[in-house]
Amino acid sequence: MVAMAEPVTVDLTQLDAFHDLLPALAGSLDIRDVFQRLSEVASRIVPHDEANLLLATDDGTQYRLYASTGDGAPDLVCREDHCVLREPATAKLMIEIPGPARDLRSGVCAPVFISDEVAGVFALFSRHPHIYSSQDLALVQRLAAFVAVGLAHQRLAETARHAAVERARTASRCDRAL
């Protein structure tokens, strides 16, 4: 006997919000410039009081808060056993939130993958305890995929800028040599 999956309810507001994400992300070459707008659109999909984007350091051992809608969040975030980022490649619901002064009681986070590597973690937090469900977790994973598109766009733009600077330096050296 084959088990039938539960029917998925389609929320048109959520679908419209997903549609609004791409223009919000494509509108800038630095995701920090549009992060507040991203959070506003994402709140129509998964309500939250704070949104954070943490990016892995170059060596991948720690994460830095890259963009946030909250105040006073730490700049460098741990990755030890007692930390919420203990397994950054795993999406999860959180019932213990670090930083009690922020008054956040629950959260949901998902990895941001670029080229099959964890580039960061996208997290939403609420002041209400136990507010997030497995359905919210699935939605945040999709939101993280959209964030990955924005980050990849940003990285490509940075690579193009660096290449243009290098070409200008090379041309300048050639001109001086003549």
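- Counting heavy-atom neighbours within 6.0 Å of R142 CZ, excluding the residue itself, gives a total of 12 or less.
- Between F125 and M94, some side-chain heavy-atom pair lies under the 4.5 Å cut-off.
- In this structure the side chain of V118 never reaches within 4.5 angstrom of the side chain of V112, judged on heavy atoms.
- When all heavy atoms are compared, the tightest approach of A91 to Q141 is CB-NE2, 3.4 Å.
- The CZ atom of R127 sits 11.0 Å away from the NE2 atom of H48 when rounded to the nearest 0.5 Å.
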Point to revise | Candidate pair L55 and L151, rule side chain to side chain contact (heavy atoms under 4.5 Å, CB included), full reasoning | key: CA-CA 10 Å; L55 295 184; L151 279 175; 3.5 Å; yes

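- L124 has its side chain out of reach of E50: every pair of non-hydrogen atoms, C-beta onward, lies at least 4.5 Å apart.
- Atom-to-atom distance recorded for L53:CG and R64:CZ is 14.0 Å, nearest 0.5 angstrom.
- Taking each heavy atom of V46 and L139 in turn, the nearest pair found is CG2-CB, 3.7 Å.
- Across all non-hydrogen atoms, the minimal contact from P88 to P111 is O-CB, 3.2 Å.
- Side-chain contact between L137 and Y132 is absent, with no heavy atoms from C-beta onward closer than 4.5 Å.
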Practice item. Walk me through it: do Y66 and V121 pass the test side chain to side chain contact (heavy atoms under 4.5 Å, CB included)? Key: CA-CA 10 Å; Y66 186 74; V121 175; over 6 Å; no

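- The neighbour count for D59 CG, taken as heavy atoms of other residues, nucleotides or ligands under 6.0 Å away, is above 12.
- Annotation: side chain of N52 is not in contact with side chain of Y63 (no heavy-atom distance under 4.5 Å).
- Linking Ile, Leu, Val, Met, Phe, Trp and Tyr whenever their side-chain heavy atoms come within less than 4.5 Å puts I114 and F35 in one cluster.
- Across S39 and A51, no two heavy atoms sit closer than the pair OG-CB, 3.8 Å.
- When all heavy atoms of E87 and K92 are compared, the closest pair comes out as O-NZ, 2.9 Å.
- Listed here is the closest heavy atom pair of C109 and A123: CB-CB, 3.7 Å.
- A donor-acceptor contact shorter than 3.5 Å is absent between the side chain of S126 and the backbone of S106.
- A salt bridge (charged side-chain N to carboxylate O under 4.0 Å, His left out) check over residues 21-37, counting only residues at least two apart or in different chains, returns the pairs D30-R32, R37-E40.
- Here the OG-CG distance, from S68 to L54, works out to 8.5 Å after rounding to the nearest 0.5 Å.
- Rounding to the nearest 0.5 Å gives a distance of 7.5 Å between CG of D49 and CD1 of I131.
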